[in-house]
Amino acid sequence: SDVCSSDLFATVGYTDPSLYSGSSPRKAASFDWYRNHAGRVTAQLGSKNRFNIYGDIQKSCRCTTGPFTGANAIESERGWDWYPSGVVQGTWTSPLTSRLLLEAGMSWQDANWVNFAEDTVTQNDRSIIELSTAYRYGATSLLTAPKARTGRGAQRFTVSYVTGTHSVKAGIQDTWGRYRQFRSSNGDIRAVFINGVAATATILNTPVNFEDDLKADLGIFAQDSWTINRLTVNYGARWEYFASAVDEETSGVGRFVSTERKFGPIAMPTWTSIAPRVGVVYDLFGNQKTAVKFSMGRYEQAGTTGFSNRYNPLALQTQSVSWTDLNGDGVPQGELGCTYQTPGCEINVAGQLPKSFGVASLPTFDPKIKRMYNVETTVSVQQEVLPGVSVSAGWYRRNYKNMWRRTNTGVTKNDFTPFTLFSPIDGTPITYYNISAAKVAQIGTNLVDTNAPDRTDTYNGYEYTFTEIGRAHV
């Protein structure tokens with residue numbers, strides 16, 4: 001990455017001998033730049049086919065060394081390189097007749113956000129935080145490097161047919177994409193001080209490389225708007241298909257991870273559903289000034305790679321361990337297998353780092369888990385009071401279904417023993433529960449996500465709106 005500088009400087013009191021001569025503090029700088037290379041081509045082939053192609057390729061850099069908030073020293077800041085990023089899309093429109101219209105489109109969007117360490121910061125420099133002031137120095141705490149990239153594609157095709165009383169539309173839409181992430185950290189460890197005294201060290205399972213994929217977010221729909229005198233009825237349905245997965249992924253060995261980690265592909269549940277929707281608008285007096293409206297529809301929970309990411313075993317992990325700075329150099333020393341508090345082993349790896357460290361111990365999901373959705377109902381009245389001015393009042397209700405619950409299948413109510421404490425305020429007895437010693441280690445394990453039929457969540461809202469043409473007041 002380019003070294004960026006400008007005439008905006010800040011002075012900090014910390015001087016790191018590994019970075020500076022000590023005669024003067026380093027100058028902080030901020031230099032952000034953005035480049036867009038966009039173009040559009042439109043072509044008309046005959047009287048019934050119109051094509052539009054658009055592309056926007058972006059290159060930008062947030063070359064910031066800070067610190068501008070005082071929370072970080074200059075060398076613990078990080079820059080961002082967003083390249084390559086951009087979007088390419090194409091559309092086709094074809095009015096075959098005065099009533100029949102065909103439309104299609106495709107697009108691809110790509111985004112990158114790779115971090116880079118500040119100039120002169122090396123892998124040997126450690127990220128250090130002073131807890132008494134929450135001040136970080138030495139190096140940045142984490143980098144999304146060498147890669148962090150998302151890509152998302154979409155396509156659609158629709159057919160519209162309009163008559164005097166009907167407006168029919170049907171089509172198909174699909175979205176797919178990937179979310180690939182890397183995490184790295186200087187020395188795979190962070191040093192923690194309290195009032196200048198070595199306290200603990202935070203160990204990371206870096207390097208980590210993981211990818212989640214959206215295989216398909218597909219919808220096939222049909223809808224119609226039917227006008228009968230003063231009544232307009234909008235009705236339709238959408239069939240939806242959603243599939244995601246953890247892609248094949250490999251993370252190499254690190255300072256505190258002794259073996260290469262390979263997973264995937266891991267399939268997630270595939271969800272299909274039908275979402276019907278209906279709406280009614282009635283011109284109450286036939287003068288187009290008073291409208292009574294009603295609608296009801298089912299809406300699936302939106303999603304991309306969030307579900308698969310939740311169960312990806314190559315998630316970033318951290319573990320806090322004791323640190324005794326035996327040689328007083330301010331650098332946590334120690335490796336896997338070393339004996340704590342012996343020369344070269346200042347961190348309690350053997351006693352406090354789990355043997356499974358490196359692979360996240362995550363909850364699992366019920367293979368039959370269903371997608372969450374909500375049913376939305378609205379009733380409203382709109383009245384024109386002056387030309388271009390109207391008021392409206394409405395009731396909105398959302399009822400959420402297929403909600404989830406996380407259950408610990410390794411612990412039952414029989415593993416808890418009640419005991420009583422008394423309130424220091426009025427002496428009221430309060431019952432608490434202790435888990436048995438045999439099950440303490442299982443509190444955070446054996447977790448399974450399932451649907452919870454008894455869970456409900458309902459929203460009721462009332463809205464009053466005053467609207468002028470071009471402006472709305474709620």
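Not measured: the values here are computed from a predicted model.
Note: M268 CE to R310 CZ = 11.0 Å, rounded to the nearest 0.5 Å. Rounding to the nearest 0.5 angstrom, the gap separating the CD atom in Q442 from the CD1 atom in I435 is 8.0 Å. Here the straight-line distance linking atom CG of N446 with atom OG1 of T364 works out to 8.5 Å at 0.5 Å rounding. A distance of 10.5 Å separates CZ in F210 from OG in S308, rounded to the nearest 0.5 Å. Distance check, rounded to the nearest 0.5 Å: CD of Q301 to OG of S273 gives 11.5 Å. To the nearest 0.5 Å, atoms CH2 (W92) and CG (L102) are separated by 4.5 Å.
Checked by atom type, the side-chain pair S322/Q352 shows a donor-acceptor distance below 3.5 Å. With no hydrogens or angles considered, a side-chain donor-acceptor pair links D212 and N312 at under 3.5 Å. In the model, N115 has a side-chain atom that pairs as donor or acceptor with a side-chain atom of T144 under 3.5 Å. Defined by atom type and a distance below 3.5 Å, a donor-acceptor pair is missing between the side-chain atoms of W176 and D217. Residues T378 and S295 have side chains that bring a donor and an acceptor to within less than 3.5 angstrom of each other. At a cut-off of 3.5 Å, with distance as the only test, no side-chain donor of R40 or Q89 sits close to an acceptor on the other residue. The closest side-chain donor-acceptor pair between T458 and N399 falls under 3.5 angstrom. Side chains of S185 and D188: a donor-acceptor N/O pair is absent below 3.5 angstrom, by distance only. With no hydrogens or angles considered, a side-chain donor-acceptor pair links T42 and N52 at under 3.5 Å. For the 3.5 Å distance criterion, the side chains of T324 and Y340 qualify, holding a donor opposite an acceptor.
Nearest heavy atom pair, residue W323 against residue A201, reads CB-N, 4.0 Å. Heavy-atom minimum distance, S60 versus Y34: CB-CD2, 3.3 Å. Contact between P207 and S251 at its shortest, heavy atoms only, is O-CB, 3.6 Å. Smallest separation of non-hydrogen atoms from C338 and A350: O-CB, 4.1 Å. Minimum interatomic distance between G219 and R238 (heavy atoms only, all atoms of both residues): CA-NH2, 3.7 Å. The heavy-atom pair separating P332 from E346 by the smallest distance is CA-OE1, 4.0 Å.
Contact annotation: the side chain of M403 never approaches that of N451 to less than 4.5 Å [non-hydrogen atoms, C-beta and beyond]. I443 has its side chain out of reach of T445: every pair of non-hydrogen atoms, C-beta onward, lies at least 4.5 Å apart. For the pair D32/W80, no side-chain contact is recorded, criterion being any heavy-atom separation below 4.5 Å from C-beta on. Put simply, the side chain of W82 does not reach to within 4.5 Å of the side chain of N112, judged on heavy atoms.
For the pair R406 and W404, the NZ or CZ position fails the cation-pi test of under 6.0 Å to the six-membered ring centre and within 45 degrees of the ring normal.
Just one residue in the list Y241, F307, W239, Y373 forms a ring-ring contact (aromatic ring centres under 6.0 Å, His included) with W271, and that residue is F307. No option in R190, R183, R255 other than R190 meets the side-chain contact (heavy atoms from CB on, under 4.5 Å) test with L204. The side-chain contact (heavy atoms from CB on, under 4.5 Å) test with P84 singles out one residue from R149, K59, Q58, and that residue is R149.
No close placement of the W113 and Y83 rings is indicated, their centers lying 6.0 Å or farther apart.
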Assess whether ring-ring contact (aromatic ring centres under 6.0 Å, His included) is satisfied between Y311 and F365, documenting all intermediate values.
CA-CA 8 Å; Y311 305 103; F365 55 85; 5.1 Å; yes
As a quick check of understanding, evaluate salt bridge (charged side-chain N to carboxylate O under 4.0 Å, His left out) for K262 and E248, giving each step before the final call.
CA-CA 8 Å; K262 291 186 177 182; E248 184 175 347; over 6 Å; no
Test V192 against L131 for side-chain contact (heavy atoms from CB on, under 4.5 Å), laying out the working first.
CA-CA 7 Å; V192 180; L131 284 186; 3.5 Å; yes
Before you tell me yes or no, could you show the steps for R62 and D81 under salt bridge (charged side-chain N to carboxylate O under 4.0 Å, His left out), namely the whole-Å CA-CA distance, both residues' side-chain angles and the distance that decides it to 0.1 Å?
CA-CA 7 Å; R62 183 184 179 188; D81 186 3; over 6 Å; no
Verdict with reasoning, F182 to L143, per side-chain contact (heavy atoms from CB on, under 4.5 Å)
CA-CA 8 Å; F182 286 76; L143 289 173; over 6 Å; no
Determine, step by step, whether T140 and E118 satisfy the side-chain contact (heavy atoms from CB on, under 4.5 Å) criterion, reporting the C-alpha distance in whole Å, the side-chain angles of both residues, the deciding distance to 0.1 Å, and the verdict.
CA-CA 8 Å; T140 187; E118 294 305 324; over 6 Å; no
Apply side-chain contact (heavy atoms from CB on, under 4.5 Å) to the pair E463 and Y396, showing each step before the final yes or no.
CA-CA 8 Å; E463 185 175 293; Y396 300 85; 3.6 Å; yes
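Judged purely by atom type and a 3.5 angstrom limit, T122 uses its side chain to pair as donor or acceptor with the backbone of N124. Side-chain atoms of S127 come within 3.5 Å of backbone N or O of A139 as a donor-acceptor pair. Using a distance-only test at 3.5 Å, with no hydrogens or angles considered, a donor-acceptor pair links the side chain of Q317 to the main chain of V359. Between the side chain of N402 and the main chain of R371, a donor-acceptor pair closer than 3.5 Å is present. Without hydrogens or angle criteria, E240 side chain to T272 main chain gives no donor-acceptor distance under 3.5 Å. Proximity of a side-chain donor or acceptor of D213 to a complementary backbone N or O of K215 within less than 3.5 Å is not detected. The backbone N or O of V321 lies less than 3.5 Å from no partner atom in the side chain of N348, so there is not a single donor-acceptor pair. In terms of modelled atom types and a separation under 3.5 Å, the side chain of D56 and the main chain of G39 share no donor-acceptor contact. A donor-acceptor pair is defined here as one N or O able to donate and one able to accept, closer than 3.5 Å; no such pair exists between the side chain of Q155 and the backbone of M106. The backbone N or O of G358 sits less than 3.5 Å from a side-chain atom of N205, completing a donor-acceptor pair.
Salt bridge status for R178 with D110: present, with a side-chain N to carboxylate O gap under 4.0 Å. Taking a cutoff of 4.0 Å between a charged side-chain nitrogen and a carboxylate oxygen, E130 and R136 do not qualify as a salt bridge.
Counting heavy-atom neighbours within 6.0 Å of R152 CZ, excluding the residue itself, gives a total of 12 or less. No more than 12 heavy atoms of other residues, nucleotides or ligands shown are found within 6.0 angstrom of CZ on R50. Within a 6.0 Å sphere centred on NZ of K370, heavy atoms belonging to other residues, nucleotides or ligands number 12 at most. For I274, the CD1 atom sits in a loose shell: 12 or fewer heavy atoms of surrounding residues, nucleotides or ligands are nearer than 6.0 Å.
For R398, the salt bridge (Lys or Arg N to Asp or Glu O under 4.0 Å) test picks out E376, with sequence neighbours left out. Every residue was checked against the salt bridge (Lys or Arg N to Asp or Glu O under 4.0 Å) condition with E249, not counting sequence neighbours, and none meets it.
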